[in-house]
Structures are given as structure tokens and as C-alpha cells.
Amino acid sequence: MNGASGVDGTSTVNETSAVDGTSTVDGADAVNTRYEQDSYLLDLAGRLRARGLPADRVESTVAELAAHLEEAGGDALEEFGPADEFAELLVPATGERAPRTPAAHVETWRWTADIYVDEELLNRFGDEGWEVERVDALGRFVSRRDPEHPQRWEYRRELVARGREGLDARLAPDGWEACGTWLVHAWFKRPRAASLGPGAEIASPPPAPERSNFLSRKFYVLAGVVLAAVTVSGISSALDDGAGSGLGQAAGLLVGACVPILLVVVGQSWRVRRDRNRT
């Protein structure tokens, strides 16, 4: 709390006068005061520490909840439910998520999207309970959902073309954890329980999407432009250097440009055909 030393050596609170003559305490101090005086938040902090959550994570989590209550003006018990149940929701077991449900009781789904729509779709499906575990070699999001207790998730994407040194440490205090990296991008996830409380659990999740390919129109337009440019370049080379060498160069460029696209499309087509044969 900001303060200045008085004549008698005591500390006085740094306040700013409002137009109506009242005083308003700095927002951060108000949040800290709410945390220090709210028995629910103190109880919750103790329960989170007892479950093995690191002290800095406990402080940041409870401070975020205090800020939410300060802004919303609600009661902690009404907002988040009983402290013991909320602590279990935030940290199911000794600082880690609860053990994975057996595979037979977990929905799994692999899907792909390009950078024009991936964050939007990740958050949409995260609201349906899909948690991304990793990104595979083909750039697909390997997702899971517990059908008994599905939780809402949120996601963000970061560019890591120059490396990700310090990125995980910078995002961790806000609850973000890495869930996959592919080429020059990294994706992070966090459960929405910290902000939504019990509302983060989904009572009736929608069925798993039937599609697994969510490449956008912009992606296909860009792919078409690249292929057209490569084709024009090959034709120009053929005219300048002779049909043999020019066409050979064009063929090499076309193959190089098409390989990433073909890997995704062929892989998706094979999986759809395999799933249909199983049914």
C-alpha cells in the first residue's frame, strides 16, 4: 500500500480526492484489502497451498479472484461455491490435475485449422470442453474431453520464430501452460475455472464435431496464389532456359509447394474413410 511518513513517524495512506470530497484508495490496495479481509479467500488460499500449488500461483490466483469480486461486487460464496469444492476444481490433486480418466471413458478428437481461424475455433471448442493435449507432427490439435465432468478451456497462440526463451515463465503466472508447438507457433491453454468458478463445468456438452478439417477460405486462396506463382515461374524458366530444364525446375517447385497441403488433405481424407469403414 502506498504511504507517506507522517510527523509522528506513522504511515498514512496515499489517497486521491474525488470530486464529491470522498477519498478513493488505489485499486490494487483495494484488491489487497479485499483479499486480506475476506475469510473465504483466505480459506481458499490455505486450501490451494495444502494441495501443493506453489505460493506465487496461490497469490496470483487469489488476487485475480479478489479483483473479479471487487469489480463485480458479488459475494465469494455465491460466485464460486464452497471453498473446498472450488479448491478441488482449481487444483484437483497436489498441484496437478486429477489423473486422466481411462481411455475408454474419454473422448478424443484430432482436427486441424490454419492461423486465420485457429484461435477462434480453439476457444469455441474449448467452451465445449475440449482440452488440447498436444499438436502432432502434421499440425493437428490432439484434443480430449471428459464426458462426465467436462471443463471449459481458453487458448492463445504465440509466435516463436525467434525462440520461446522466457515465454513460458512470462505466461505461467496467469495460468497459461503450453499445449503444443508447430513450425513457428506455440499454443497455450488454461482452464476457465479461475474466472468462472463452478460455471466452468459443462452440464450438457454438445456432441463431438463431425468435421476434422477447418482450413479457411483464406488458406485455400493463399495456396492457389502460391501454386499459380510457382506455375508462372516454371513456365518463364522453360521459355528462357529450354523446355527440359525449365519444366524440371517448375515440377520441383510445385512439389515443394504442394507437399504441406497434400499431407494435410490426404491425411484428413484417409482418416474420414477409415472412420466410415469402422461404422
Side-chain angles (χ1 to χ4, degrees), residues 1-3 11 13 25-102 106 126-127 129-134 144-146 148-156 158 164-180 186-203:
M1 182 178 294
N2 294 330
S11 176
V13 177
V25 183
D26 180 83
D29 291 340
V31 170
N32 291 335
T33 302
R34 176 70 182 256
Y35 172 19
E36 294 166 358
Q37 296 180 352
D38 194 312
S39 59
Y40 179 97
L41 294 178
L42 291 173
D43 181 25
L44 179 65
R47 293 177 184 277
L48 293 177
R49 283 191 289 268
R51 288 178 169 273
L53 195 66
D56 59 334
R57 293 288 300 277
V58 172
E59 291 299 318
S60 62
T61 299
V62 178
E64 181 179 347
L65 297 175
H68 170 76
L69 292 172
E70 193 69 28
E71 181 179 352
D75 176 75
L77 183 59
E78 294 179 358
E79 286 283 331
F80 308 126
D84 56 342
E85 295 180 6
F86 191 34
E88 183 178 0
L89 186 65
L90 292 172
V91 190
T94 60
E96 299 178 358
R97 269 191 220 99
R100 297 296 190 190
T101 311
V106 173
D127 261 344
W130 291 103
E131 175 192 359
V132 173
E133 291 189 310
R134 61 188 177 88
R144 68 182 296 275
R145 181 172 67 180
D146 184 346
E148 296 180 0
H149 301 288
Q151 299 289 324
R152 301 181 192 274
W153 293 83
E154 60 181 325
Y155 298 89
R156 64 185 293 170
E158 297 289 337
R164 57 187 299 167
E165 183 178 357
L167 179 61
D168 297 75
R170 178 168 59 85
L171 297 179
D174 293 326
W176 294 103
E177 62 175 295
C179 61
W187 289 267
F188 292 80
K189 63 183 178 183
R190 68 179 177 185
R192 299 194 65 189
S195 58
L196 297 179
E201 185 167 341
I202 306 170

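Predicted model, so just to flag it, every value in this text is computed and none were measured.
- Not a single side-chain contact (heavy atoms from CB on, under 4.5 Å) links Ala172 to another residue, sequence neighbours left out.
- With sequence neighbours left out, Tyr155 forms a ring pair (Phe, Tyr, Trp, His ring centres under 6.0 Å) with no residue at all.
- Remark: Arg170 pairs with no residue by the salt bridge (Lys or Arg N to Asp or Glu O under 4.0 Å) rule, at least two apart or across chains.
- Annotation: side-chain contact (heavy atoms from CB on, under 4.5 Å) contacts of Glu201 (sequence neighbours excluded): His149, Gln151.
- The shortest side-chain heavy-atom distance between Leu65 and Phe86 falls under the 4.5 Å cut-off.
- Partners of Trp176 by ring pair (Phe, Tyr, Trp, His ring centres under 6.0 Å), not counting sequence neighbours: none found.
- For the side-chain hydrogen bond (donor to acceptor under 3.5 Å, both in side chains) test, residues two or more places apart in sequence or in another chain that qualify with Asp127 are Arg192.
- Salt-bridge formation is detected for the pair Glu154/Arg190: a Lys NZ or Arg NE/NH1/NH2 atom is positioned less than 4.0 Å from an Asp or Glu carboxylate oxygen.
- Taking Arg134 as the reference, Arg110, Asp136, Val142 meet the side-chain contact (heavy atoms from CB on, under 4.5 Å) condition, with sequence neighbours excluded.
- Under the side-chain hydrogen bond (donor to acceptor under 3.5 Å, both in side chains) criterion, Arg57 pairs with no residue, sequence neighbours left out.
- Remark: Asp168 pairs with Arg164 by the salt bridge (Lys or Arg N to Asp or Glu O under 4.0 Å) rule, at least two apart or across chains.
- Residues forming a side-chain hydrogen bond (donor to acceptor under 3.5 Å, both in side chains) with Arg47 (at least two apart in sequence, or on another chain): Asp43.
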